[in-house]
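What follows is a single structure, written as structure tokens, with notes after it.
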Amino acid sequence: ETAEKSDRKLDYYQPEQDRYNARRLTLMSELKQAISNNQLSLYFQPKINLSTNTVTGLEALIRWHHQRFGFVRPDEFIPIAEQTGIIKPLTRWVVKEALRVQHELLSEGYDIDISINISAKNLREEDFVSFISEALTNNKKPKITIELTETSMMEDPLKALQVLEDLSQTGVRLSIDDFGTGYSSLAYIKKLPANEIKIDKSLIFDLTSNKGDQVIIKTTIEMCHQLGFTLVAEGVESQRVVDILKDLNCDIIQGYYISPPLPINKLKQWLADIDGYAALA
Ligand code: C2E
Ligand code: MG
Ligand code: MG
Ligand code: MG
């Protein structure tokens, strides 16, 4: 990281860059307190099983309500959390909060799997697997899926494989996120103890017009099914994309067309509105 930074020379004045750096420094210094100050919250986005039209799970997506900046997206602060080491307490907060919400939903009659995103940095924590395993035993009927991006695993593929094997022993499901954006080999993917592959939204967005993407998705789905993975498509924004994905035998879809990520109260309303589980017409 330092080598990369020192290579970068600023040879003219860039006010935009200064503002960006100032914001970044502010976020960096305030992220740690954000956890204890209750500025972080989880939103939940439904995942729909295409053969039953029912909700099969929820993905927990973190939000930071910053006092001055308003809504800060995870794409902006997760990298900061990773660089500063805050990713460790942050992920632990996410896991506990997701389990708390799952318990709350269960008490209201909704027995739903929750997906949690973790960072590759978490895999380097000595006690990560034992933390997960303890968090699960403290919960009644945990149904947890852990999502990890394909690209992040490539930083240290052997370590990732080893930790994922230990993690799968704890009873969590494992999901490979943003699939199709990295360069992992089929030989590597097939070794992973993963249950699920999530095709990246960039490949899903223009599925209606892009024949090339359709071919890639079709091949990916066939290949992954043969390897025993469940296929999830993220970034589904229209009925036409739903139809194409049904034709291609995709198992699960997620996207704004079904629902954006929702805070817990709105999610409960959404679940009540679809009357149990018939999420798609
Ligand atoms: P992701 O795990 O791939 O999550 C999917 C992202 O796509 C989410 O962005 C979601 O809001 C967005 N999305 C869902 N459906 C649609 C759609 O139909 N169209 C479009 N354009 N976007 C859609 P979000 O919530 O901003 O999260 C961005 C990324 O930040 C996530 O990508 C994940 O990698 C990371 N992230 C989120 N929450 C956490 C967390 O608790 N821990 C960690 N380590 N990373 C997180
Ligand atoms: Mg994800
Ligand atoms: Mg993704
Ligand atoms: Mg992503």
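In listed order, ligands and their atoms are each counted from 1.
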- Atoms of ligand 1 less than 4.0 Å from Gln45 heavy atoms? 14 (C), 15 (N)

- Query: Do any of the N/O/S atoms of Asp177, backbone or side chain, fall under 2.8 Å from the Mg ion (ligand 2)?
  - Reply: yes

- Kindly say whether Pro142 contributes a backbone atom to a donor-acceptor pair with the side chain of Gln102 at under 3.5 angstrom? no

- Residue part near ligand 1, for Leu61, under 4.0 Å between non-hydrogen atoms: both

- Query: Are any of the heavy atoms in Glu82 under 4.0 Å away from ligand 1?
  - Reply: no

- Could you say whether the N/O atoms of Gln254 and ligand 1 ever approach to under 3.5 Å? no

- Message: For a quick check under 3.5 Å, do Asn265 and Gln269 share a side-chain donor-acceptor pair by atom type?
- Response: no

- Query: Quick one: which ligand 1 atoms are inside 4.0 Å of a heavy atom on Pro261?
  - Reply: 11 (O)

- Note on the structure: Between Lys47 and the options Glu234, Glu59, Gln254, Glu196, the side chain to side chain donor-acceptor pair (under 3.5 Å) test singles out Glu196

- Note on the structure: ligand 1 to Glu59, heavy atom cutoff 4.0 Å, flagged ligand atoms 2 (O), 4 (O)

- Item | Geometric N/O contact Thr91 with ligand 1, under 3.5 angstrom | no

- Query: Can you list the ligand 1 atoms lying under 4.0 Å from a non-hydrogen atom of Phe205?
  - Reply: 19 (N), 20 (C), 21 (N)

- Task: Inspect the contact between Lys268 and Glu104 and indicate whether a charged nitrogen and a carboxylate oxygen are less than 4.0 angstrom apart.
- Result: yes

- Message: Quick one, Thr56 and Asp113 - any side-chain contact, counting heavy atoms below 4.5 Å?
- Response: no

- Item | Heavy-atom gap Tyr257 to ligand 1 smaller than 4.0 Å | no

- Query: What atoms in ligand 1 come closer than 4.0 Å to a heavy atom of Asp178?
  - Reply: 3 (O)

- Message: Can you pull out every ring-ring contact (aromatic ring centres under 6.0 Å, His included) where at least one residue sits in residues 194-236? Sequence neighbours excluded, please.
- Response: none

- Task: Tell me whether Asn117 has at least one N, O or S atom under 2.8 Å from the Mg ion (ligand 2).
- Result: yes

- Hey, which atoms in ligand 1 end up nearer than 4.0 Å to a heavy atom of Asp177? 1 (P), 2 (O), 3 (O)

- Query: Measuring from the heavy atoms of Lys198, does anything fall under 4.0 Å of ligand 1?
  - Reply: no

- Message: Quick check on the Mg ion (ligand 3): does Asp200 put an N/O/S atom closer than 2.8 Å to it?
- Response: no

- Message: Less than 4.5 Å apart, side chain to side chain, heavy atoms only: is that true for Pro193 and Leu161?
- Response: yes

- Message: Tell me whether the count of non-hydrogen atoms from other residues, nucleotides or ligands lying under 6.0 Å of CD in Gln67 goes above 12.
- Response: no

- Cluster link Ile253 to Ile204, ILVMFWY, side chain under 4.5 Å: yes

- Message: Closer than 4.0 Å to some heavy atom of Glu237 - which atoms of ligand 1 meet that?
- Response: 17 (C), 18 (O), 19 (N), 20 (C), 21 (N)

- Which atoms from ligand 1 have a heavy atom of Asp75 less than 4.0 Å away? 28 (C), 29 (C), 30 (O)

- Query: Just checking, any donor-acceptor pair under 3.5 angstrom between side chains of Asp166 and Gln169?
  - Reply: no

- Task: Give a yes or no on this: more than 12 heavy atoms of other residues, nucleotides or ligands lie within 6.0 Å of atom NE2 of His103.
- Result: no

- Query: Below 2.8 Å, any N, O or S contact between Asp178 and the Mg ion (ligand 3)?
  - Reply: yes

